[in-house]
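Lettering follows sequence order; numbering is per chain, from 1. These numbers were taken from a predicted model, which means no experiment stands behind them.
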There are 2 protein chains.
Amino acid sequence: MTAEAKRRTQEERTALSEQLMTEAAVSLLVERGIASTTLAAIGERSGYSRGLVTHRFGSKAGLLAHVHDSVAAEWVNRVNTLVGRATGVTALQRVVDALYQFIVDEPEELRAMYLLRYSSIDPGAEFRANVAKVNRAHVRALARWIEEGKTHGEILPMVDARIAAELFASVVDGLLYRWAVDPEIPVSELYELIRAHLGYALRVPSP
Amino acid sequence: MTAEAKRRTQEERTALSEQLMTEAAVSLLVERGIASTTLAAIGERSGYSRGLVTHRFGSKAGLLAHVHDSVAAEWVNRVNTLVGRATGVTALQRVVDALYQFIVDEPEELRAMYLLRYSSIDPGAEFRANVAKVNRAHVRALARWIEEGKTHGEILPMVDARIAAELFASVVDGLLYRWAVDPEIPVSELYELIRAHLGYALRVPSP
DNA sequence: AATAACTTACTTGTCATCAACAAGTAAAAA
DNA sequence: TTTTTACTTGTTGATGACAAGTAAGTTATT
């Protein structure tokens, strides 16, 4: 730290530097990608030395895991807030809405998270476990909402909640992959289509 | 090359070494991932020196692009063979079948290709253009099959071929992502579900 | 047909970059 | 004052890139 070195407690200092480094990492990841983002650049962009990132997070993988988990936590928050106490098809549609809103509000963070999510299929990615954990939690939540829809009689009884949840998660992940490769794809139309299909595919036909 | 240096033309030599290096790259990518796969390891596993890969492909990115394009070409072949002259829902279902067969027949190649496909969203990935090109070609082919289904009266007229094709491609990519992260997911059930949904979602209801 | 001249396939030497880690300094807490 | 913590600086090994070299294959000349 240079210049205006305000008087801070150690706790405040670590929290601040951690946040600044995470933000710097997100912007660098989006600008340059994972391989070209150096620890030195992150440290320096956030106003510290080239060595602090390693010191704090242990390794590049440690930092990437932290970045992933931070954004994933925000994503979970957004979903939970928007879904609230809804269940069944409504809950799933709200998930779609939350995602769309996330794309609009924080494209950088979302892009950084998906950069990490997708690169986590690399056997050498040490933060693989973090991603897999988040994925499992998502599917569990989705399956629960579907089960609730079944008990309320809204969703067809023959629907296998686990399989349907897995497919829904796949659609979302696939769509975000294609958005990440080509941001010009008609995202809003695709989300509309998914919302509509959720109704047709899962709901008990009204008499 | 050592030992049994058979008498070969230069053309044969380059073709052979290129193939051996590509195969070595696929196996190393699947074993260790992109970052941990060194050019030296590829050269040596294929029986050459540490320097040949760079010499032949120019750079690591050049090699990765070549590997991607090789597997992508095989994928396109498989799809075209299986789809044949089919159109509409049948064609799309055959695509699903081709993919499932690819997973069963050549999981390593498919995994390597998807490793590269997904890591291509990284802004630093120089083979991004290769992946984007293949993606666009896929969507074009899918949209064409859907359009043909519409003209034959099999597929609902209100279906937007471009959007539906994009969504179908997303589903496939998303599913493969989840398979890559967790090979234990119920792939065959999911493919069945997709096959079935293609019928419900696109086809004109029979009278 | 033989050999010389050239071109191409492949190898080895070297450098710059970067992640990792060790050792140091300064600021805060005890 | 002593100890702990936040952060910086020095150094090393690994690796991608490239330059320079060697040997094998091809073409031209006689």
Quiz item: Step by step, would you call Y114(A) with D173(A) a side chain to side chain donor-acceptor pair (under 3.5 Å)?
Solution: CA-CA 9 Å; Y114(A) 269 86; D173(A) 283 340; 2.9 Å; yes
Practice problem: Could you pick out which residue, R13(B) or L39(B), lies toward the 5' side of DNA chain D when each is mapped onto its nearest nucleotide? | Solution: L39(B)
Quiz item: Rounded to whole angstroms, how far apart are CG on L52(B) and C1' on dC10(C)?
Solution: 6 Å
Self-check item: Length of the CG-C1' vector between L63(B) and dG16(D), whole Å
Solution: 12 Å
Quiz item: For T37(A), which contact category applies under a 4.0 Å heavy-atom criterion: base, sugar-phosphate, or nothing?
Solution: sugar-phosphate
Quiz prompt | Closest to the R50(B) side chain, choosing from dA6(D), dA17(D), dA20(C) | solution = dA17(D)
Practice problem: Mind calculating the distance between CD (E12(A)) and C1' (dA29(C)) to the nearest angstrom? | Solution: 14 Å
Quiz item: Quick one: on DNA chain D, does H55(B) or A35(B) contact a more 5' nucleotide (nearest heavy atom)?
Solution: A35(B)
Practice problem: Could you tell me whether E31(A) and R45(A) make a salt bridge, using a distance below 4.0 angstrom between a side-chain N and a carboxylate O? | Solution: yes
Self-check item: Distance, rounded to the nearest Å, where Q10(A) contributes CD and dT4(D) contributes C1'
Solution: 7 Å
Practice problem: Return no unless some side-chain N or O of S17(B) is found under 4.0 Å from OP1 or OP2 of dC10(C). | Solution: yes
Exercise. Please determine if D97(A) and R195(A) form a salt bridge, counting it only when a charged side-chain N lies under 4.0 Å from a carboxylate O.
Key: yes
Practice problem: Kindly assign one of parallel, tilted or perpendicular to the pair Y118(A) and Y177(A), based on the angle between their ring planes and the thresholds 30° and 60°. | Solution: perpendicular
Quiz item: Using the C1' atoms of the five pairs at each end, what is the angle between the end axes of the helix from dA1(C)-dT30(D) to dA30(C)-dT1(D), to 10°?
Solution: 0°
Self-check item: Candidates dA20(C), dA29(C), dT15(D) - which lies nearest the side chain of T38(B)
Solution: dT15(D)
Quiz item: Counting side-chain heavy atoms from CB outward, which of dC10(C), dA19(C), dC7(D) is closest to Y48(B)?
Solution: dC10(C)
Quiz item: Under 4.0 Å between a Lys/Arg side-chain N and an Asp/Glu carboxylate O for R136(A) and D182(B)?
Solution: no
Practice problem: Please check if the side chain of E166(A) supplies one atom and the backbone of P186(B) the other of a donor-acceptor pair under 3.5 Å. | Solution: no
Quiz item: In whole angstrom, what separates E11(A)'s CD from dA29(C)'s P?
Solution: 10 Å
Practice problem: Please answer whether the main-chain N or O of T9(B) pairs with a side-chain N or O of E12(B) as donor and acceptor at a distance below 3.5 Å. | Solution: yes
Exercise. Would you mind telling me which of dA9(C), dG16(D), dA28(C) lies closest to the side-chain atoms of K60(B)?
Key: dG16(D)
Quiz prompt | Among dA29(C), dT12(C), dT9(D), the nucleotide that comes nearest once only the side chain of S49(A) is considered | solution = dT9(D)
Exercise. Could you tell me the separation between the CD atom of E18(A) and the C1' atom of dT5(D), rounded to a whole number of Å?
Key: 15 Å
Exercise. Choose from dT8(D), dT11(D), dC10(C) the nucleotide whose nearest atom is closest to any side-chain atom of R56(B).
Key: dC10(C)
Self-check item: Atom-pair distance (CG on L16(B); P on dA9(C)), nearest Å
Solution: 13 Å
Quiz item: Relative to the ring of W75(B), is the ring of F102(B) parallel (under 30°), tilted (30 to 60°) or perpendicular (over 60°)?
Solution: parallel
Quiz prompt | Rounded distance (Å) that lies between atom C1' of dA9(C) and atom CZ of F57(B) | solution = 13 Å
